[in-house]
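Step one of this worksheet: look at the structure below.
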Amino acid sequence: MKPREVPVDSDILVFDIKIMNRLIRNILLVACPLASVSVNAEMSERVFPTTAEYTKELENKSDALSSLALSGSEKAENDSMLYKYYYYEASRYKALAMVDSAYVYFKKCVELDSTKSQQYAELAQCHSYMAKKVTPMKENEISLWDVSAAALMQKAVSLDSSNINNLEMHVDLALKARDYKYAIQSLKRLLKLRPDKMESYVLLASTYQEIQKPYEALEVWNQLENVYGYTTGITNQKFVIWVNYIKDNKKALAEYDKPIKKYPYNSSFALSKVLAYQKLGMNKSAEKYLFKCKKKYPNDISKINLELLSLYMRVQSPKKIEGIIDAVLEDKNTEFDVKGMLVEELQRDTICSSVMTEKRLKKLVELYPNEYFSYLLYANFLLSSGRMDETCQLLEASLKLDSQQEVVWTMLMEFYSQKKDLSALNSTLDRAVAAMPNVFEFRYRQGRWRLMNDDRPGAIECFKVAVDLSRNIDMFKSAMIACEIADVYSFMNDTASATEWYEKSLTIDPNCILTFNNYAYMLCIQGRDLDRAEAMSAKTIVAEPTNPVYLDTYAWIYYTKGSYLPAQLYIEQAIKNCPTPLGEIYEHYGFILYKLGEEEKAKEAWKKAYELYEMPSDEIKRIVENGELPEK
């Protein structure tokens with residue numbers, strides 16, 4: 001049973017003092033600190049007294065003890081035991097994730113003894129918890145719970161500034177509340193206690209930057225530098241402060257000179273200075289400095305050439321790229337991934353793409369015959385040149401090295417489809433499914449292929465796998481494929497299975513417009529559940545009011561229900577919005593006009609349908625070829 005809160009008014013008997021003191025001692029014997037609380041709710045209720053039964057008695061007895069002529073030490077001992085009881089109860093509730101109850105008893109601890117720091121820290125955590133539970137604030141808006149949490153933690157650290165955990169928590173809460181003054185105070189205390197803690201330096205410097213105190217931030221970065229030595233990360237941060245806050249580019253660049261002088265054989269600071277030049281828009285200075293680096297750091301030529309190439313790519317200088325690209329591509333000390341990324345970027349660049357000649361790309365394949373990406377880079381060049389057969393060969397070579405390339409399989413299928421090489425297309429599709437059996441698009445394509453070849457059961461089998469694979473990836477596509485399964489069943493005159501899969505499609509996506517249309521049309525053709533068919537079809541018109549297929553379905557439902565004037569209205573809208581005339585729409589138009597008594601117009605519509613159909617139905621043939629009009 002869930003413990004109840006302390007009642008505001010309750011009529012509870014006052015215990016005998018001796019019994020009361022024994023009770024308190026028993027409680028303290030089994031009490032344990034918060035960190036070790038691991039008892040479950042049921043166990044804690046059995047071992048310890050519940051709040052509702054005993055808390056009020058403790059308060060009453062405390063008052064009774066106070067009314068007696070107790071010595072000061074006796075009174076203090078009684079309050080101490082009562083404090084420990086409250087603190088334990090609060091900790092127990094906290095362990096049970098009953099934050100509201102924990103908050104009540106931590107507050108009682110404060111009322112009994114306001115000199116202890118930890119109870120304020122616990123209350124701060126309760127407020128921080130509430131800040132996360134309340135409605136999300138607007139952007140840049142501070143939660144009042146975060147403000148109060150920071151204030152309570154500030155009280156805790158003011159009472160005990162040696163508790164590192166509380167100081168770290170106060171920094172976090174104060175920064176959330178944007179109480180930068182107290183956050184800085186706690187960060188400084190942390191650094192006195194732990195001068196080796198890098199995170200505190202970083203937070204302190206960042207806070208100074210946030211409140212626009214760049215010189216103080218620089219001093220903190222200098223202190224961190226004294227502790228850890230020169231690093232490119234610290235130097236880069238100081239560069240940012242000089243440039244963005246103080247606006248002194250000369251001193252910003254000078255920050256790199258000190259570590260460069262101290263470590264004459266380490267090129268990392270020099271290359272960082274090159275990037276600094278580029279950030280300041282000093283590209284010529286960056287280039288000049290890189291050539292100096294080539295002489296100073298002969299063992300790092302690979303890195304320096306990469307920086308030169310990146311610089312020339314940034315300023316889009318094809319002539320200068322020409323002078324260095326071969327050295328980079330043929331450098332054995334440079335990883336292929338880096339080269340591949342650079343080549344890909346150059347191929348996308350409209351100004352510099354001419355640098356990536358076929359000769360260079362072929363050379364890249366020769367240098368890296370076991371890297372699938374080298375074949376793709378070459379294939380991309382051939383594709384842009386319209387050399388489809390050679391492109392396909394390179395894509396096939398890439399897939400031999402890595403068969404898990406979904407995009408490459410898809411590209412191959414598209415190529416073979418464009419070439420009308422159905423045998424190669426089918427083979428590629430089967431290989432793609434075998435290599436990546438969990439890609440639902442491949443299963444769907446396989447189903448479409450089988451459908452094109454009149455293998456409807458085989459198509460349904462593939463589509464069902466595609467539905468299962470796509471359900472948690474793309475709900476919309478999953479519902480569409482389920483609708484297609486229903487369409488195939490409907491075509492096979494398996495009404496029960498068609499109905500089942502239309503319903504499954506709507507279960508996956510209750511707003512699938514295609515399913516509404518196709519399901520409604522099947523019901524209309526079968527002449528059943530026409531009210532539901534009309535309701536579903538109406539949703540398609542609301543969603544896409546100019547879609548001629550949906551308008552035709554809606555019109556045909558009205559026709560089937562005997563409402564010929566609305567049917568005429570919607571079928572004419574379908575014809576008006578149909579960019580390419582469809583035989584089925586004109587066939588329906590003819591029957592609607594015929595029912596409205598416009599026989600000549602009906603014949604014209606049927607004739608139009610006859611001309612549009614590749615294979616007119618027997619009924620249309622009888623009407624147009626033999627003049628056999630249907631019964632009215």
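Index from 1, following the sequence. The shown structure was predicted, so the numbers you read here are calculated from the model rather than taken from an experiment.
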Subject >> Polar contact flag, side-chain donor to acceptor under 3.5 angstrom, Glu287-Tyr277 >> reply: no
Original post:
Quick one: do Glu358 and Arg387 make a salt bridge, cutoff under 4.0 Å?
Top reply: yes
Original post:
How would you list, by chain and number, every residue that makes a ring-ring contact (aromatic ring centres under 6.0 Å, His included) with Phe239, sequence neighbours excluded?
Top reply: Tyr256
**OP:** Determine, step by step, whether Lys419 and Asp389 satisfy the side chain to side chain contact (heavy atoms under 4.5 Å, CB included) criterion, reporting the C-alpha distance in whole Å, the side-chain angles of both residues, the deciding distance to 0.1 Å, and the verdict.
**Re:** CA-CA 10 Å; Lys419 291 174 62 178; Asp389 291 339; 2.8 Å; yes
Original post:
Residues two or more places apart in sequence or in another chain: which of them pass ring-ring contact (aromatic ring centres under 6.0 Å, His included) with Tyr586?
Top reply: none
Original post:
Hey, are Lys339 and Asp331 close enough for a salt bridge, meaning a charged N less than 4.0 Å from a carboxylate O?
Top reply: no
Original post:
In this structure, which one of Thr507, Asp487, Asn518 forms a side-chain hydrogen bond (donor to acceptor under 3.5 Å, both in side chains) with Tyr502?
Top reply: Asp487
Subject >> Lys197: partners by side-chain contact (heavy atoms from CB on, under 4.5 Å), with sequence neighbours left out >> reply: Glu168, Arg194, Glu199, Ser200
Original post:
Just checking, any donor-acceptor pair under 3.5 angstrom between side chains of Glu414 and Gln418?
Top reply: no
Subject >> Lys/Arg N to Asp/Glu carboxylate O, Lys464 vs Glu461, below 4.0 Å >> reply: no
Original post:
Run the side chain to side chain contact (heavy atoms under 4.5 Å, CB included) check on Arg448 and Leu451 step by step: do they pass?
Top reply: CA-CA 5 Å; Arg448 293 291 302 173; Leu451 198 60; 3.9 Å; yes
Original post:
Less than 4.0 Å between a side-chain N and a carboxylate O, is that true for Glu330 and Lys363?
Top reply: no
Original post:
When you look at Ile460 and Met492, which way does the side chain to side chain contact (heavy atoms under 4.5 Å, CB included) test go after all the steps?
Top reply: CA-CA 11 Å; Ile460 289 173; Met492 295 167 65; 4.0 Å; yes
**OP:** Would you name the heavy atoms of Asp455 and Gly458 that are closest together and state the gap between them?
**Re:** OD1-N, 3.0 Å
**OP:** Decide yes or no on ring-ring contact (aromatic ring centres under 6.0 Å, His included) for Tyr570 and Trp556, but give the supporting numbers first.
**Re:** CA-CA 9 Å; Tyr570 285 104; Trp556 199 240; over 10 Å; no
**OP:** May I ask you to decide if Ser470's main-chain N or O and Asp474's side chain share a donor-acceptor pair within less than 3.5 Å?
**Re:** no
Subject >> Donor-acceptor pair, side chain of Arg443 and main chain of Pro437, under 3.5 angstrom >> reply: yes
Subject >> Interatomic distance, Ile325 atom CD1 to Met313 atom CE [nearest 0.5 angstrom] >> reply: 7.5 Å
Original post:
Going by atom types only, do Tyr489 and Glu500 share a side-chain donor-acceptor pair under 3.5 Å?
Top reply: no
Subject >> Taking every non-hydrogen atom, the tightest pair across Val467 and Ser478 >> reply: O-OG, 3.2 Å
Original post:
Distance from Ile541 atom CD1 to Asn547 atom CG, nearest 0.5 Å?
Top reply: 7.5 Å
Subject >> Any donor-acceptor pair under 3.5 Å from Ser353 side chain to Arg348 backbone >> reply: no
Original post:
Do Lys273's NZ or CZ and the ring of Tyr289 fall within the cation-pi criteria of under 6.0 Å and 45°?
Top reply: yes
Subject >> CD1 on Ile321 to CD on Gln316, rounded to 0.5 Å >> reply: 8.0 Å
Original post:
Taking atom types as modelled and ignoring hydrogens, do the side chains of Tyr297 and Lys303 form a donor-acceptor contact shorter than 3.5 angstrom?
Top reply: no
Original post:
Between Lys539 and Asn511, do the side chains contain an N or O donor and an N or O acceptor separated by less than 3.5 Å?
Top reply: no
Original post:
Under 3.5 Å, is there a donor-acceptor pair between the Gln405 and Ser398 side chains?
Top reply: yes
Subject >> Main-chain N/O of Ile508 paired with Arg471 side-chain donor or acceptor, under 3.5 Å >> reply: no
Original post:
Just checking, any donor-acceptor pair under 3.5 angstrom between side chains of Glu503 and Tyr519?
Top reply: yes
**OP:** Give the C-alpha distance, both sets of side-chain angles, the deciding distance and a yes or no for ring-ring contact (aromatic ring centres under 6.0 Å, His included) between Tyr554 and Tyr550.
**Re:** CA-CA 6 Å; Tyr554 202 41; Tyr550 298 164; over 10 Å; no
Original post:
Say you draw a straight line from CE of Met480 to CG of Leu514; how long is it, rounded to the nearest 0.5 Å?
Top reply: 4.5 Å
Original post:
Got a donor-acceptor contact below 3.5 angstrom from the Thr410 side chain to the Glu406 backbone?
Top reply: yes
**OP:** Starting at CD1 of Ile571, measure out to OH of Tyr559 and round the result to the nearest 0.5 Å.
**Re:** 11.0 Å
Subject >> Audit row: Glu390, Tyr378, side chain to side chain donor-acceptor pair (under 3.5 Å) steps and yes/no >> reply: CA-CA 10 Å; Glu390 294 170 86; Tyr378 190 9; 5.4 Å; no
**OP:** Any chance you could measure Met413, atom CE, to Ser427, atom OG, to the nearest 0.5 Å?
**Re:** 10.0 Å
Subject >> Thr540 versus Asn517, side-chain donor and acceptor atoms under 3.5 Å >> reply: no
